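Scope of the values below: all heavy atoms of this structure, side chains included, with no hydrogens, waters or symmetry mates. Everything quoted here is computed from the prediction, not taken from an experiment. Just so we're on the same page: letters track the sequence lines, and every chain starts at 1.
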Amino acid sequence: MTNERNAKKILIVEDGKELLLSLSILLKSQGYLTIGAPDALFGISLAHKERPDLIILDLGLPAGGGFYVLESINDSIETNDIPVMILTGQQGIELEEKARKMGVAAYLHKPFEPKELLSRVKEILDR
Amino acid sequence: MNKKGEAKEAGYGLVLQELQENPYRKFNLAFSLMVILPFLVFLYILVSKLFTLNILIGNIGIVLLIALFISICGFLIGVRILKNILKKLIALAAQAKHSDQLKSTFVATVSHELKNPLTSIKTNIYNISAGFTGEVNLEQKNILGLCQDTIDRMSRLVNDLLDLHKIEAGMTDVNRKPCNVIELSEKQIRELGVVAGARNIQIVKEFSDTKLTVWADEDKLARVINNLLSNAIKFTPEAGIVTLKVYPADNFARIECIDTGTGIEADNLEKIFSKFERLNSVKEGTGLGLAISKDIAEMHRGKILVESEIGKGSKFILLLPRDLRGRGR
């Protein structure tokens, strides 16, 4: 119980429900608490309600897209200190540059190595 | 409103919508304003002038009127032809725009619809083999390892296909900056050192003493060198030698990748740059690496040449202009 209370909370905003579940299993295996949102609006709402320690965000999302979530999180005083990690299947240096300018903590391309994702998550949460 | 009335309204709605969306409406209006209106004004002035000068009287007047009529007919036919040509040009431009949109949609759809499931399968295989969902025995781990390899190969294929599509559709970004070819080659040797070492293959480097800089997209150039080097390692038998030479040659940076493999038959030398062409199907690969490398070289106004001798090995030569500033796309 104590562990659960101290565990870091990660919000995964991803519209692929299979991937959402796989990521959840992966992160839970390392003792993190996970919550999932299948679209942009739900993601923003959960970010405000749950105040997670990290947001893992897909860019190609229904109901607004990943950049809309990123903007909303950055614009709100309640959520602008939450680190964001981007997971995307979209290619393009300009997308990565845009995300980096908006202050994302990490940017991973799908399909990523699960080990790499875990090490990046740990690195961000240990900061 | 009765059903007939609703249908009628819906019908008018459709017609109105069609009229509003019809790109030729604007074109017709612009064309009339630009060509027909000035001509009518000119005609009005001409005829009124002829009347004031009393020229339109008698035989000369009849001849003049016939000539005027013929010229108006000629003008109208000319206008019609010109209008049709312009309409066709507009239609072609619209078609090209639509085709570009389709290409972008294709890339976005493939990215999303293929990469998401691949990532999910990859993560789940890892979840199971790492024991996160329960104990796994050695045999099960081996089977999961095979699944992992297959997924990795599929991921490479999807990425290669997307890259090739983007390059061929002119949708790829080229971020040129000064690149030190020697440093870049060193980096690729370091990256592939483990793969070569595992098969006891020695990578020999022969680099020019002088700094060799080209104006290129570093990531793309690295990809070409990496592809040539990994192919050389792949096709060299165990304990063989792969040589990477980098030196200036006139206005070019010349990168040679030489293997001591089985070599390629002369008839197949041209085929190897074609998409999905794999001369040795036993070796792992997507069959797109050399096609992509060739496209990248050409994107930098360079080229890839190949020389080969059966039983001795092959030499791939990448030639890149040393100064590409202000050139091409």
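- By the 6.0 Å and 45° rule, A/K98 stacks over the aromatic ring of A/F67.
- Ion pairing between a basic and an acidic side chain is recognised when a charged N comes within 4.0 Å of a carboxylate O; B/D160 and B/R223 show such pairing.
- Identified by a heavy-atom distance below 4.5 Å to chain B, contributing residues of residues 68-76 of chain A are lacking entirely.
- Residues of residues 119-128 of chain B lying under 4.5 angstrom from chain A, judged on non-hydrogen atoms, are B/T119, B/S120, B/K122, B/T123, B/N124, B/Y126, B/N127 by number.
- For A/D15, there are no salt bridge (Lys or Arg N to Asp or Glu O under 4.0 Å) partners at least two apart in sequence or on another chain.
- Residues A/I56 and A/L54 meet the side-chain proximity criterion, which asks for heavy atoms closer than 4.5 Å.
- Along residues 109-127 of chain A, the residues that come nearer than 4.5 angstrom to chain B, judged on non-hydrogen atoms, are A/K110, A/P111, A/F112, A/E113, A/P114, A/K115, A/L118 in order of number.
- Taking 4.0 Å as the cut-off between side-chain N and carboxylate O, A/E96 and A/R100 count as a salt-bridged pair.
- Between A/L46 and A/G36, the closest heavy-atom pair is CD1-O, 3.4 Å.
- The two residues B/F273 and B/L290 come nearest to each other via the heavy atoms CD2-O, 3.8 Å.
- Residues A/V84 and A/L57 meet the side-chain proximity criterion, which asks for heavy atoms closer than 4.5 Å.
- Looking at B/R199, its side chain does come within 3.5 Å of a backbone N or O of B/T236 through a donor-acceptor pair.
- Residues B/L212 and B/F207 form no side-chain contact, since every pair of their non-hydrogen atoms from C-beta on lies 4.5 Å or further apart.
- Classification of A/E50 and A/K9 as a salt-bridged pair holds, one side-chain N sitting under 4.0 Å from a carboxylate O.
- The main-chain N or O of B/D217 is found under 3.5 Å from a side-chain atom of B/H300 such that the two form a donor-acceptor pair.
- Nearest heavy-atom pair across B/V136 and B/G131 is CG2-CA, 4.3 Å.
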